[in-house]
Amino acid sequence: PPNCGVYEFTFIPNIQGCEHLLGPNEQMRIVYCCCFDASGPSYTATVIYYDWPNCPFRNCVLLDSIKRKSFLELLVKELRKDAITREPGCLSQIPPCDDPGMVPIRLSVRIAKCWKEVNFWSSRWNEWIVASVRCPNITAECDRWYQVCRDFQDIKLRILSEGCNMIGNDNCSFEMPVLPPPGKTFEEPWETECYALPCCP
């Protein structure tokens, strides 16, 4: 959309109980878009897709509801951190907290409720990659929002208030797809049916 930028970053997704499945250099890559709406004023950062470091780690995280919730909380935290520290980048219009006429910015981090797993050949990485991709034409999103201003003394965002709510509707199954799908291998293109991730508590 207009007034949006696309960004990507990597982080080590340390989820308790699954750390042993991560190799020494295995990271998760997140791609997101960030849009500014002056009428809000608000920023919306929306996850487009993320690459799993490997399938055993992905299964360890997604097949356990508590680990899935921890993963989503970590994903929101890491995206917020990237958006805050990226210069120039996503959050250039955040007002200083010590301005007497300061109007806080609403920062909305949105993660789709419905996802599918896609196996594709990456010419950039020269390998087959399993990525979680937003299901098209489904509007349901988890909206974790924060009212923020920027504290220029320590160059951090100050969160004044926060919350979480569901936007839109979905009818995705909560059943995790088997990887690879029956009759398929990790050396060919495929995608799974859509499935739902937990949203706000």
Output all residues satisfying side chain to side chain donor-acceptor pair (under 3.5 Å) with [X], sequence neighbours left out; order by chain, then residue number.
X: T10; answer: Q27
X: S39; answer: D37
X: N59; answer: none
X: Y43; answer: none

What distance separates [X] [atom1] from [Y] [atom2], expressed to the nearest 0.5 Å?
X: C142; Y: L197; atom1: SG; atom2: CG; result: 9.0 Å
X: N25; Y: I12; atom1: CG; atom2: CD1; result: 8.5 Å
X: E8; Y: D51; atom1: CD; atom2: CG; result: 8.5 Å

In one Ile/Leu/Val/Met/Phe/Trp/Tyr side-chain cluster, 4.5 Å: [X], [Y]:
X: I159; Y: L107; result: yes
X: W52; Y: L63; result: yes
X: V130; Y: V178; result: no

Which pair of heavy atoms, one from [X] and one from [Y], lies closest together, and at what distance?
X: E26; Y: L21; value: OE1-O, 3.7 Å
X: T192; Y: P181; value: CG2-CG, 4.3 Å
X: S42; Y: F36; value: O-CD1, 3.4 Å
X: P53; Y: M28; value: CD-CE, 4.0 Å
X: L179; Y: F186; value: C-CZ, 3.9 Å
X: C135; Y: K116; value: SG-N, 3.8 Å

* All side-chain contact (heavy atoms from CB on, under 4.5 Å) counterparts of D143, not counting sequence neighbours ->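 With sequence neighbours excluded, D143 shows a side-chain contact (heavy atoms from CB on, under 4.5 Å) to R106, S108, R110, W145, N165, I167, given in chain and number order.
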* Structure fact -> Sorted by chain and number, sequence neighbours left out, side-chain contact (heavy atoms from CB on, under 4.5 Å) with E187 holds for W128, T185
* **Electrostatic pair R134:E141 at N-O distance under 4.0 angstrom** =>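 Salt bridge between R134 and E141, a charged N being under 4.0 Å from a carboxylate O: yes.
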* Is the closest basic N to carboxylate O distance between K69 and E73 below 4.0 Å? ->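 The answer is yes: the pair qualifies as a salt bridge.
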* Picking from Y195, Y50, Y49, what satisfies ring pair (Phe, Tyr, Trp, His ring centres under 6.0 Å) with W115? -> Y50
* Asked: Which is it for L157 and Y146 under the side-chain contact (heavy atoms from CB on, under 4.5 Å) test, yes or no, and what are the steps along the way?
  -> CA-CA 10 Å; L157 285 194; Y146 310 85; over 6 Å; no
* Check whether any side-chain heavy atom of I105 sits under 4.5 Å from a side-chain heavy atom of P95, and report yes or no. =>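 Heavy-atom side-chain distance check passes, below 4.5 Å.
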* With side chains defined as the heavy atoms from C-beta onward, is the minimum distance between I129 and E127 less than 4.5 Å? ->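 With C-beta onward as the side chain, the pair touches.
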* Spell out, as yes or no, whether a donor-acceptor pair under 3.5 Å connects the side chain of E78 to the backbone of V76. =>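 Looks like no, no N/O pair under 3.5 Å.
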* Indicate, with yes or no, whether the SG-to-SG separation of C114 and C194 is under 2.5 Å. =>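 Disulfide absent: SG-SG distance not under 2.5 Å.
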* Y32 and side-chain hydrogen bond (donor to acceptor under 3.5 Å, both in side chains): which partner among D82, T46, T44? -> D82
* Please assess R150 against C97 for the test side-chain contact (heavy atoms from CB on, under 4.5 Å), listing each intermediate value before the final yes or no. => CA-CA 6 Å; R150 191 185 290 266; C97 297; 5.5 Å; no
* Apply side-chain contact (heavy atoms from CB on, under 4.5 Å) to the pair V109 and L75, showing each step before the final yes or no. => CA-CA 10 Å; V109 178; L75 186 59; over 6 Å; no
* To do: Would you check, one step at a time, whether the test disulfide (SG to SG under 2.5 Å) holds for C4 with C34?
  => CA-CA 5 Å; C4 299; C34 184; over 6 Å; no
* Asked: Does CD belonging to E193 count more than 12 external heavy atoms closer than 6.0 Å?
  ->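 No, CD of E193 has 12 or fewer neighbouring heavy atoms, counting only those of other groups under 6.0 Å.
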* To do: For C60 and I15, run side-chain contact (heavy atoms from CB on, under 4.5 Å): C-alpha distance rounded to whole Å, both residues' side-chain angles, the deciding distance at 0.1 Å, then the answer.
  => CA-CA 9 Å; C60 181; I15 302 297; over 6 Å; no
